[in-house]
Amino acid sequence: MSTIRRAYRQLHDAYGPQGWWPAATRDGVADAWEIAVGAVLVQHTSWKNVLRAIASLEQADATSVAAIGAMERDRLAALIRSAGPPRVKAERLQALTAFLVEEFNGSIDSLLEGVEDRRVAQRRRTQLLGVRGVGPETADAILLYAGGAPLFVVDAYKRRVMRRHGWDDAGAKYDEVATFWRRRLPADAAVYAEAHALLVRVGVEHCRSPRPRCEGCPLQSLLPPGGPLLEGVAEKTE
DNA sequence: TTCCAGGCTC
DNA sequence: GAGCCCGGAA
């Protein structure tokens with residue numbers, strides 16, 4: 001078994017199924033649009049603060065594509081203030097609503113239709129990347145978690161785990177990292193979704209910045225003999 | 001690669 | 001106050 005498969009299994013054994021996407025709606029079930037909103041809001045921001053922003057959108061009864069699209073920019077910014085840079089994220093959310101209205105009749109379900117097929121997913125991904133404020137990670141998160149597309153999300157946590165374990169070619173591009181993981185895991189969107197969620201959790205709890213907390217980490221047994229590979233004098237364990 | 005953006009945490 | 005946060009644009 002590859003190291004990657006072993007890592008996935010150890011994380012899954014330790015943490016159990018994560019059941020992402022983290023739901024935040026009234027009924028506890030995140031719909032596709034809410035996932036997309038969350039994916040934009042979480043950029044460079046902790047998830048906890050995203051939940052606050054989503055809650056305030058719900059409080060204002062302003063969660064729909066139409067509502068967000070029609071809202072005055074400043075008002076939207078004020079509502080999502082807790083999720084990092086509000087002006088930027090208000091602009092990005094409205095760029096996304098405009099895109100959906102123009103290209104998919106305002107329906108994210110139309111955007112996501114058929115993305116279980118990898119070729120369709122790639123086309124939609126390219127379209128999403130044309131939206132200002134939607135980069136590779138955000139596009140993949142939306143397509144994977146809202147649409148079940150067989151795409152792998154690459155984020156800073158994943159890169160950090162890989163670097164410290166010596167699994168990566170230094171400087172690998174986004175798509176190269178995604179392919180690296182996809183080729184070593186079962187070709188199943190549900191597994192990709194689970195793997196990303198597990199890696200995020202281990203990143204939050206153990207593979208932190210600037211220094212890791214390897215004590216009790218489910219991946220500790222997979223470290224190089226000398227411990228985590230660290231860069232720079234500031235980065236020390238414990 | 002560098003710059004950006006801003007609330008939040010410690 | 002410094003640095004972190006499930007990035008993106010230039």
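Proteins come first, then strands; the chains are lettered A, B, ... in the order of their sequence lines, and each starts at number 1.
Cation-pi contact between A/Arg159 and A/Tyr157: absent, since separation from the ring centre below 6.0 Å together with deviation from the ring axis within 45° is not met.
Nucleotides B/dC4 and C/dC4 have their C1' atoms positioned 15 Å apart, rounded to a whole Å. C/dC6 and B/dT2 have their P atoms separated by 23 Å, given to the nearest Å.
Here B/dA5 is the nucleotide among B/dA5, C/dC4, C/dC6 with the atom lying nearest to any side-chain atom of A/Val88. Side chain of A/Glu137, nearest nucleotide from C/dG7, B/dC8, B/dG6: C/dG7. Nearest to the side-chain atoms of A/Val42 among the listed nucleotides C/dC6, C/dG8, B/dG7 stands C/dC6. Of the candidate nucleotides C/dC4, C/dG8, B/dG6, B/dG6 has the atom lying nearest to any side-chain atom of A/Arg87. In this structure, the nucleotide among B/dG6, B/dC8, C/dG7 sitting nearest to the side chain of A/Arg81 is B/dC8.
In this structure, the CZ atom of A/Arg132 is 9 Å from the C1' atom of C/dA10, given to the nearest Å. Atom NE2 of A/His44 and atom P of B/dC3 are 14 Å apart (whole Å). With rounding to whole Å, A/Leu199 atom CG is found 14 Å from C/dC6 atom P. When the P atom of B/dG7 is taken as reference, atom CG of A/Leu51 falls 18 Å away, rounded to whole Å. For A/Arg92 and C/dC6, the CZ to P distance is 16 Å, given to the nearest whole Å. Counting to the nearest Å, the P atom of C/dC6 and the OH atom of A/Tyr174 are 16 Å from each other. To the nearest angstrom, P of B/dG7 lies 11 Å from NZ of A/Lys89. A/Glu91 has its CD atom 15 Å from the C1' atom of B/dG6, to the nearest Å.
OP1 or OP2 of B/dC8 lies within a sub-4.0 Å distance of a side-chain N or O belonging to A/Arg52. Between A/Arg208 and C/dC6, a side-chain N or O to OP1/OP2 separation shorter than 4.0 Å is absent. For B/dG7, neither phosphate oxygen OP1 nor OP2 lies less than 4.0 angstrom from any side-chain nitrogen or oxygen of A/Lys48. Phosphate proximity of C/dG8 to A/Thr138: present, with a side-chain N or O under 4.0 Å from OP1 or OP2.
Both A/Pro136 and A/Ser209 lie close to DNA chain C; mapped to their nearest nucleotides by heavy-atom distance, the more 5′-ward contact belongs to A/Ser209. Between A/Leu129 and A/Val200, the residue anchored closer to the 5' end of DNA chain C is A/Val200, taking for each the nucleotide with the nearest heavy atom.
For A/Asp175 and A/Arg125, the salt-bridge test passes: some basic side-chain N is under 4.0 Å from an acidic carboxylate O. Using a 4.0 Å cut-off between a side-chain N of Lys or Arg and a carboxylate O of Asp or Glu, A/Arg201 and A/Glu205 qualify as a salt bridge. Taking the charged nitrogens against the carboxylate oxygens, A/Asp117 and A/Arg119 do have a contact shorter than 4.0 Å, which makes a salt bridge.
With hydrogens and angles left out, the side-chain atoms of A/Ser221 and A/Gln10 include a donor and acceptor closer than 3.5 Å.
Under the 30°/60° scheme for interplanar angles, the aromatic rings of A/Phe152 and A/Tyr192 are found to stand perpendicular.
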